[in-house]
Chemist: 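Sending over a structure as structure tokens; questions will come in a sec.
Just so you know, ligand 1 is whichever comes first in the structure, and atom 1 is the first atom listed for that ligand. This one's a predicted model, so the numbers in the text were calculated from it and none came from an experiment. Numbers here are sequence positions counted from 1.
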Amino acid sequence: MSKEIRVRFAPSPTGHLHIGGARSALFNYLLAKNTGGTFVLRIEDTDQARNVDTATEKLMDSLKWLGLNWDESIDTEAGEYGPYRSMDRVGLYKEYIQQLLNENKAYYCYMTEEELEAEREAQKARGEMPKYSGRDRDLTEDQRAAYEAKGIQPVVRFRVTEGQTITFNDSVREEVSFESDGIGDFVIARKDGVPMYNFAVVIDDHLMKISHVIRGEEHLSNTPRQIMLFQAFGWEVPTFAHASLILNADRQKMSKRDESIIQFVEQYKDLGYMPEAIVNFLALLGWSPVGEEEIFTLEELSEQFSLDRVSKAPAVFDMDKLAWMNNQYIKNADLDTVVDLALPHLIASGVVSEELSEDRLEWTRRLIGLYQEQMQYGAEIVKLTEQFFKKDVDYTDDAREVLAEEQVPEVLTQFAKELDEVETFTVPDIKKAIKATQKATGQKGKKLFMPIRAAVSGQTHGPELGDTIELLGKAVVGARLKAAVEK
Ligand code: GLU
């Protein structure tokens, strides 16, 4: 029987959920779902200087929003694998550090920051790659005692075997090799005894029986260190899968400061993106389905996902494609969902009040519905519906051109007159008024509709004309028709 699949997403609580992290979480989640395995969420907080207070909560909120629910974490029953927060496991790590010290696979290093810095500078000056020299590798008891007497607190370093090639079979990148000589004896525990990430992660992955480590390519250079540690303990090494880098539209490696890309999941939520669209988009950043289809639910992705279709070629993060994809989801969503995405933005922009009367709410819902086809994300509603919240209208150049046509004054005057006579200012009667204008003026098609649209909305494109007119309301439409004739 093959081994149970257990995967983990292991963020450090240093900030919001980044799209790169979200993709790693997603791939882990999908492999777990695809194989009936277990998805663990582990909080790696041993780098205490970088921890941010509310980050864990926010990370968890974002993952839940995306629908990436975990089977085991700090909020579930700890069972045999917990606790799931590294700082709650420090006692455990210390035992394993002691084991390596006892076996002489690790040692205390008393070098100060200044000494290390001087060493690095000297190496650079000689044109060498900076790497820990190994000064304290083989201290005698007396030497150690002398440092201790001076009150110098040591770190613990792992003794890297020289001349070794570390090779592993990455599920995405196939065979990957590193030379141990390029890796100096690295620190596994800080002065206060708290382990470094590279150590804690190995202990945790082993004790939590993690079968597959799926993470971003930026962690690739950590992997040989981790493998050396697994081997030092005589433990089985998990399967590694390093998903490719994410590039921006200029095909540059995306940096955290790259403003061409919205980088955090929470920002997408705030802008009125749908979690389903984000998940769909992130899945295609490196994984490719069989066939041409591009739209997948989380469930469909879970059914189809496999690591062998994850590519090592860098993935380009195309914001336009994401907006397109989100629009696909918005178009197919029910109105309540779209209203939830868009309404907060109308309220925030001040054009709609937070406490809406029933009529006004209904009007706002219809207005949002009118733009459902077109809207790429919720925040766009403000710009799209601008013309509904002011008296006068700004004409686009195209609209001006239309309004300069010869037949326009007659069409608009007639239409205004017909509108004055309608029984109710609703779509059916508005349509009748348009028909009557057609009859009276002999104008039809573009010559009829375009001037009306341009006059009432300032634009030559837009949603259903009848609905637009009804929602603008009689007074505004009347005034705009008059203004367009007088222009
Ligand atoms: N805590 C690491 C990070 O936030 C996790 C890396 C890993 O998945 O091993 O990047």
Side-chain angles (χ1 to χ4, degrees), residues 5-32 37-52 54-60 62-63 68 70 72-74 81 83-90 93 166 168 170-173 176 178 186-188 190 194-230 235 237-246 253-256 263-266 282 286 307 310:
I5 305 268
R6 289 179 54 85
V7 291
R8 85 305 192 275
F9 176 52
S12 298
T14 55
H16 298 281
L17 180 60
H18 190 262
I19 45 174
R23 182 188 60 169
S24 297
L26 175 62
F27 285 4
N28 279 289
Y29 172 92
L30 292 178
L31 185 69
T38 303
F39 177 46
V40 177
L41 171 65
R42 186 171 70 219
I43 304 300
E44 296 193 331
D45 57 351
T46 59
D47 192 352
Q48 294 174 84
R50 295 186 61 225
N51 290 346
V52 172
T54 52
T56 300
E57 206 183 313
K58 296 211 156 172
L59 287 164
M60 292 173 97
S62 288
L63 288 169
L68 306 183
W70 47 86
E72 297 172 19
S73 189
I74 55 174
Y81 301 112
Y84 294 95
R85 188 195 306 274
S86 308
M87 283 310 287
D88 294 337
R89 303 170 64 82
V90 171
Y93 303 136
I166 301 116
F168 61 100
D170 190 281
S171 292
V172 176
R173 339 192 73 79
V176 183
F178 287 91
F186 56 93
V187 178
I188 55 175
R190 299 173 175 83
V194 174
M196 303 289 284
Y197 152 73
N198 267 322
F199 184 83
V201 74
V202 168
I203 306 301
D204 293 343
D205 285 341
H206 171 71
L207 294 180
M208 294 183 185
K209 295 210 170 64
I210 298 302
S211 61
H212 293 70
V213 171
I214 307 172
R215 58 188 175 195
E217 188 182 318
E218 66 278 12
H219 284 294
L220 196 58
S221 62
N222 286 322
T223 307
R225 292 174 175 79
Q226 293 171 15
I227 289 177
M228 287 190 274
L229 285 165
F230 276 108
W235 292 337
V237 178
T239 301
F240 288 99
H242 290 89
S244 63
L245 290 178
I246 300 178
K253 191 176 158 211
M254 177 179 65
S255 82
K256 293 240 158 139
Q263 306 221 5
F264 297 98
V265 170
E266 201 178 332
L282 289 176
L307 281 174
V310 175

Chemist: Of all the non-hydrogen atoms in the protein, which one sits nearest to atom 10 (O) of ligand 1, and at what distance?
Modeler: His219 NE2, 2.8 Å
Chemist: Could you check whether Arg6 makes a cation-pi contact with Tyr81, meaning its NZ or CZ is under 6.0 Å from the centre of the six-membered ring and within 45° of the ring axis?
Modeler: yes
Chemist: Answer with yes or no whether the side chains of Asp204 and Tyr84 bring together a donor and an acceptor at under 3.5 Å.
Modeler: no
Chemist: In terms of residue, atom name and distance, what is the protein heavy atom nearest to atom 8 (O) of ligand 1?
Modeler: Arg8 NH1, 2.7 Å
Chemist: With heavy atoms of Ser12 as the reference, note each atom of ligand 1 found under 4.0 Å away.
Modeler: 1 (N), 2 (C), 3 (C), 4 (O)
Chemist: To check your reading of the model: name the closest protein heavy atom to atom 1 (N) of ligand 1, its residue, and the distance in Å.
Modeler: Glu44 OE1, 2.6 Å
Chemist: In terms of the angle between their ring planes, are Phe264 and His18 parallel, tilted or perpendicular, with boundaries placed at 30° and 60°?
Modeler: perpendicular
Chemist: If you round to the nearest 0.5 Å, how far is CD1 of Ile5 from NE2 of His212?
Modeler: 4.5 Å
Chemist: With heavy atoms of Val201 as the reference, note each atom of ligand 1 found under 4.0 Å away.
Modeler: 9 (O)
Chemist: Does an N or O from Ala10, backbone or side chain, lie closer than 3.5 Å to an N or O of ligand 1?
Modeler: yes
Chemist: Does any donor atom in the side chain of Glu44 or Tyr197 lie under 3.5 Å from an acceptor atom in the other side chain?
Modeler: no
Chemist: Which residue supplies the protein heavy atom nearest to atom 7 (C) of ligand 1, what is that atom called, and how far is it?
Modeler: Tyr197 OH, 3.3 Å
Chemist: By number and element, which atoms of ligand 1 are closer than 4.0 Å to a non-hydrogen atom of Arg215?
Modeler: 7 (C), 8 (O), 9 (O)
Chemist: Classify the angle between the aromatic ring planes of Phe178 and Phe168 as parallel (below 30°), tilted (30 to 60°) or perpendicular (above 60°).
Modeler: parallel
